[in-house]
Amino acid sequence: QRPHQNLLIEYLAEALIHEPAPRPLLASAPTGIGKTAAVLWPLLKHAAAVGGKIFYVTAKTSQQAIVEDTLERCRTRKFPLTSVTLAAKEKMCLAEEQVCDRRYCPFLRNFLPLLREESFFEELLKKVILTAKAVIAVGTEHGICPFELALSLAERTEVVVGDYNYVFDPRVRLQRFFDTPQSAPFFLVVDEAHNLYQRSREYYSPGFTESWFRELGTLAPSSAVLTLEEEEAGKTAAVLHPLFDRLRQHLLELRPQEGTLAQKEAVPGARPGTLPGVRPDPLPGARSGTFPGTGPPDDPGFEAESKFTI
């Protein structure tokens with residue numbers, strides 16, 4: 001054990017057995033003291049005792065590799081556990097073109113019958129620590145969708161490792177876990193939680209990206225500048241309609257989805273689409289374009305009472 005590791009283990013153990021329910025713990029410690037192991041070891045034991053599931057989310061893929069290695073070392077100590085790592089859908093897709101529809105994707109179509117084959121999943125879980133690379137290899141071997149396979153495995157493992165998106169992004173979070181009542185408790189570990197602030201701003205700040213404008217440009221003909229004769233001939237609509245149709249579609253995609261956090265927990269009197277807990281009126285001194293109460297501590301628009309603990 002490394003210095004200060006025991007102290008972190010003790011703090012976490014106290015938080016887990018707190019009555020009437022476990023309380024959140026925010027831990028800040030320098031690099032190199034073994035935070036990952038100090039968090040996972042007591043959490044694995046407690047989750048096993050109460051029949052719970054652990055979600056370990058990170059900001060970077062490299063951090064997931066550290067979690068997988070730590071879980072592997074815990075397993076070699078005869079501790080019973082299984083885990084699966086979720087990668088981004090586009091990184092796991094085996095198709096030449098990503099179309100997630102069983103009518104067009106043979107990998108998805110081949111996977112659906114396997115949902116009834118519990119023995120197939122039992123055999124896979126014998127591998128215990130299932131990395132994203134291992135899941136992709138299984139998908140390639142059997143000609144099935146690796147992403148859907150990983151999601152199904154997540155329902156059967158004790159630990160799920162993935163990106164922040166799978167918990168906090170209102171568009172891609174794991175609805176099967178977080179939008180439906182669960183019979184068993186789950187425990188959430190947010191690795192390098194200081195990165196979550198910027199990610200959260202991105203989740204709830206619709207915008208236009210350079211790649212989107214490039215896509216829009218492909219919809220216009222190579223010669224989008226019309227001559228006077230062409231305008232008089234009514235060709236303007238033929239040029240502009242595809243562009244406006246795509247713009248309208250994008251704006252619809254940016255609308256808050258039905259049942260998302262922003263709608264479920266809206267503050268009384270707040271405008272539709274505003275963040276929960278954020279007042280509709282700007283605070284005195286807040287910079288233009290910032291959400292009141294969501295800036296960093298040195299931001300004039302920051303309110304002390306708006307801080308949260310993970």
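Source: prediction; values computed, not measured. These numbers come from the heavy atoms of this one structure, side chains and all, not from hydrogens, waters or symmetry mates.
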Specify the closest pair of heavy atoms between [X] and [Y], including all atoms of both residues, with the distance to one decimal.
X	Y	value
Ala38	Gln5	CB-CG, 3.8 Å
Tyr203	Pro170	CB-CD, 4.0 Å
Ala37	Pro42	O-CD, 4.2 Å
Leu81	Cys74	CD2-CB, 4.1 Å
Leu86	Ala150	CD2-CB, 3.5 Å
Asn110	Leu114	O-CG, 4.2 Å

Measuring only between side-chain heavy atoms, which start at C-beta, is [X] closer than 4.5 Å to [Y]?
X	Y	value
Leu108	Asp101	no
Glu14	Leu25	no
Pro146	Val135	yes
Thr58	Ile66	no
Leu12	His46	no
Leu71	Glu68	no
Lys89	Lys91	no
Leu130	Thr82	no

Roughly how far, to the nearest 0.5 Å, is the [atom2] atom of [Y] from the [atom1] atom of [X]?
X	Y	atom1	atom2	result
Asp169	Tyr204	CG	OH	8.0 Å
Lys45	Leu43	NZ	CG	11.0 Å
Gln98	Met92	CD	CE	11.5 Å
Ile144	Leu149	CD1	CG	4.5 Å
Ser28	His194	OG	NE2	9.5 Å
Thr85	Leu153	OG1	CG	11.0 Å

Set of ring pair (Phe, Tyr, Trp, His ring centres under 6.0 Å) partners for [X], sequence neighbours left out:
X	answer
Phe177	Phe55
Phe111	none
Phe120	His142

Spell out, yes or no, whether [X] and [Y] are grouped together once hydrophobic residues are joined by side-chain heavy atoms under 4.5 Å, including indirect joins.
X	Y	answer
Leu174	Phe147	yes
Tyr104	Leu94	no
Ile33	Val67	no
Leu112	Val99	no
Ile17	Phe187	no

Distance-only, no hydrogens or angles: does the [X] side chain make a donor-acceptor pair with backbone N or O of [Y] under 3.5 Å?
X	Y	result
Tyr164	Asp191	yes
Tyr166	Ala87	yes
Lys53	Ala47	no
Arg109	Arg102	yes

For Glu155, which residues count as a salt bridge (Lys or Arg N to Asp or Glu O under 4.0 Å) partner, sequence neighbours excluded?
->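 So Glu155 forms a salt bridge (Lys or Arg N to Asp or Glu O under 4.0 Å) with Arg176.
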
Considering residues at least two apart in sequence or located in another chain, which fulfil the side-chain contact (heavy atoms from CB on, under 4.5 Å) criterion with Glu118?
->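 Glu118 satisfies side-chain contact (heavy atoms from CB on, under 4.5 Å) with Phe121, Glu122, Arg156 only.
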
Decide whether Asn165 and Arg199 meet the rule of one side-chain donor and one side-chain acceptor closer than 3.5 Å.
->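 A donor-acceptor contact under 3.5 Å links the two side chains.
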
If you group Ile, Leu, Val, Met, Phe, Trp and Tyr whenever their side-chain heavy atoms sit less than 4.5 Å apart, what else falls in with Val172?
->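 Under the 4.5 Å side-chain rule, Val172 groups with nothing.
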
Run the numbers on Val57 and Phe168 for side-chain contact (heavy atoms from CB on, under 4.5 Å), then give the verdict.
-> CA-CA 10 Å; Val57 294; Phe168 298 105; 4.3 Å; yes

Would you sort out whether Thr131 and Ile136 count as a side-chain contact (heavy atoms from CB on, under 4.5 Å), showing the intermediate values?
-> CA-CA 9 Å; Thr131 64; Ile136 292 173; over 6 Å; no

